[in-house]
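Keep in mind the model is a prediction, meaning the values are calculated, not measured. Only heavy atoms go into these numbers, but all of them, side chains included; no hydrogens, no water, no symmetry mates. Letters A, B, ... mirror the listed sequences (proteins, then strands); counts begin at 1.
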Protein chains: 2
Amino acid sequence: MAGSDTRTLGARRQDAEIDAAEPGQERGGRLPAALRHARIIASFEKNGFVSITSLADELNVSGMTIRRDLDALGKRGLLERTHGGAVATGPLAITGASFDIEEPAFEQRMRLRALEKSAIAEAAAALVGPGESLGLDVGTSILALAQVLAGRRDLRVFTNNLRVGMLLAEANSTVYVLGGQVRVPEFSVIGPQAIAAVESHYLDKVFIGVSGLDAHGFYDYSPEDTEVKRALMASAGEVIVLCDSSKFNRRALSRVALLSGVGTLITDNAPPAELQAALEAAGVKIIIAR
Amino acid sequence: MAGSDTRTLGARRQDAEIDAAEPGQERGGRLPAALRHARIIASFEKNGFVSITSLADELNVSGMTIRRDLDALGKRGLLERTHGGAVATGPLAITGASFDIEEPAFEQRMRLRALEKSAIAEAAAALVGPGESLGLDVGTSILALAQVLAGRRDLRVFTNNLRVGMLLAEANSTVYVLGGQVRVPEFSVIGPQAIAAVESHYLDKVFIGVSGLDAHGFYDYSPEDTEVKRALMASAGEVIVLCDSSKFNRRALSRVALLSGVGTLITDNAPPAELQAALEAAGVKIIIAR
DNA sequence: TGTTATATGTGAGATAATGTTCAATAGTGC
DNA sequence: GCACTATTGAACATTATCTCACATATAACA
């Protein structure tokens, strides 16, 4: 895989500011760290673990560098170090057939673009001030944010997402879940009770996940989730949407809000020009996380 | 001496079962310990038993290593050693599915008296009629009950237990969680919102877990959980307590209710004479599950 | 262009995982 | 019960890997 993967990835690379070298041929052509990280993450897709020696071999760097890379990625919660390599955790977790009978769709989504989601989550967490009350919505990017926030004791987090609730509670953060019916596969809480519970609170910031956005607004697949999202947004001092760049110009069944209903959009790549113009016209602040 | 133990390394060089199929990757075909553990756990799915020689062969490691692995997994309560292998116990025996990496403490408790809890859960499930609304409380016995009920589509389940909520939702049962603060390590929901939500419903049956009982009533360690239990009991047509026999004559911080506040007690062994007399005097029906 | 940060490589000692041997032990068939 | 074989666990041997410090290379910048 080493050779062919390298070629494909390199050729398909969007931000091609650096010439990718052919591995094995040109010793000096090292990849920038970000690219190497992306490549490492991609290697997990197969079987949920990577070995240091094989990565060092494949990426033409020393074992020490890979070790440092894995440590860095580990700090971001994307993987867990083992002897000789690392296994996937959190967003990447593939779970070897025993634990975790989750919807394959959800896991797949979580692994897909895990690095981007992690960067988005980091940027989002940076906006959170001490002692704030937060609302965390449903979605893979939001779950990544929860992982970053896990352990912070000074926050008060409200969520309609049972995954987030368990994750944060386990980390001893203060977390409140909304009441209502549980909807799979997201494990989101929906219904009038949830909405009523939101309406009786004020939240400093709410972080919303969406399925798509275009010049006319933000979209989500689930009408039930959408109602809760709207309630969260209505109770919030600041509305922040987390969404990776694959969602640009994609629509779904429910329109969550107009562009103007959102204060900040955190994503991993600049939107297409037209969309960016619409966002700016609507007064949406755009944060590009890398 | 076992022939397979001393087989030369690399004899099974091209193990088609290892999905990697990487020429340069499988140096000696060694997996990190965590992955090997996951693979071992996965092997139980077939028949609840694994043999050391077959594992050593399959995973390309020596028998001694497998032995050490099984010991480690045994310490975590996931299996029990036998001659030449191991059998599944605890959470694995009931169902291999578990949505999360559970707390060791919880795993341990689940494994502890797993057989009894399973019998209690079966007896409790037998009481549930078609189309009923149920309340499921916190505790390992209750979680076992939820596992038995999982998949029944005709019920409406309310719970203050996020584990139960996720388990049932995943099985496509209709389940509502109460809103409120999440308390570890039980992942129970507590607080006034939860209590208010219960009070606006009527439940045909509620199943309550307790930490202990004596002639003066039922006890629980957590005052916060106790308040929700009381609310559940007040809204119920029938109150059923699930509790294994190790809880007899044990007390804890909060008294949940007097004996007379409970209709049925399901346990795995007859209570001591004095306690049994008190239960009967209070009109509690006792079901012994085997 | 020189100078500073950052990133990466290298090597030695420490550590952890695994392999090997071997006496003791538990199953198994008679 | 007895012989026989597979399994076991402890001690030791052997790797592979980790960590740490420092050297070197690369990128960033004035």
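For Thr53(A), counting side-chain heavy atoms from C-beta on, the closest listed nucleotide (dT17(D), dG19(C), dT7(D)) is dT17(D). Of the candidates dC20(D), dT20(C), dA16(C), the closest approach to any side-chain atom of Met64(A) belongs to dC20(D).
Within 6.0 Å of the CZ atom in Arg81(A), the count of heavy atoms belonging to other residues, nucleotides or ligands exceeds 12.
For Thr65(A) and dG9(C), the shortest distance from a side-chain N or O to OP1 or OP2 is below 4.0 Å. Side-chain nitrogen and oxygen atoms of Arg81(B) include none within less than 4.0 Å of the OP1 or OP2 phosphate oxygen of dT7(D). For the OP1/OP2 pair of dC18(D) and a distance below 4.0 Å, the side-chain nitrogens and oxygens of Arg67(A) include at least one atom meeting the criterion. Applying the 4.0 Å criterion to OP1 and OP2 of dA7(C), one finds that Arg36(A) has every side-chain N and O outside that range.
One can place CG of Asn60(A) at 20 Å from P of dA7(C), the figure rounded to the nearest angstrom. Atoms CG (Leu55(A)) and P (dG9(C)) sit 13 Å apart, rounded to a whole Å. At whole-Å resolution of the value, CZ in Phe49(A) and P in dT17(D) are 11 Å apart. For the pair Leu35(B) CG and dT18(C) P, the computed distance is 12 Å after rounding to whole Å. Straight-line distance from the NZ atom of Lys75(B) to the P atom of dG9(D): 11 Å, rounded to whole Å. When the P atom of dC18(D) is taken as reference, atom CG of Asp71(A) falls 9 Å away, rounded to whole Å. Atom CG in Asp69(A) sits roughly 10 Å away from atom P in dG9(C) (whole-Å rounding). Between the P atom of dT15(D) and the CD1 atom of Ile52(A) lies a distance of 21 Å, rounded to the nearest Å.
Residue-level contact check: Ser51(B) touches neither bases nor backbone, having no heavy atom under 4.0 Å from any strand.
In this structure, Ile41(B) and Leu73(B) have side chains that are in contact, with non-hydrogen atoms separated by less than 4.5 Å.
Judged by distance alone, the side chains of Thr140(A) and Lys117(A) do bring a donor and an acceptor atom under 3.5 Å apart. Side chains of Asp244(B) and Ser246(B): a donor on one and an acceptor on the other come within 3.5 Å. Arg76(A) and Ser118(A) are linked by a side-chain donor-acceptor pair at a separation below 3.5 angstrom, with hydrogens and angles left out of the test.
Taking only distance into account, the side chain of Arg68(B) meets the base of dG19(C) through a donor-acceptor pair shorter than 3.5 Å.
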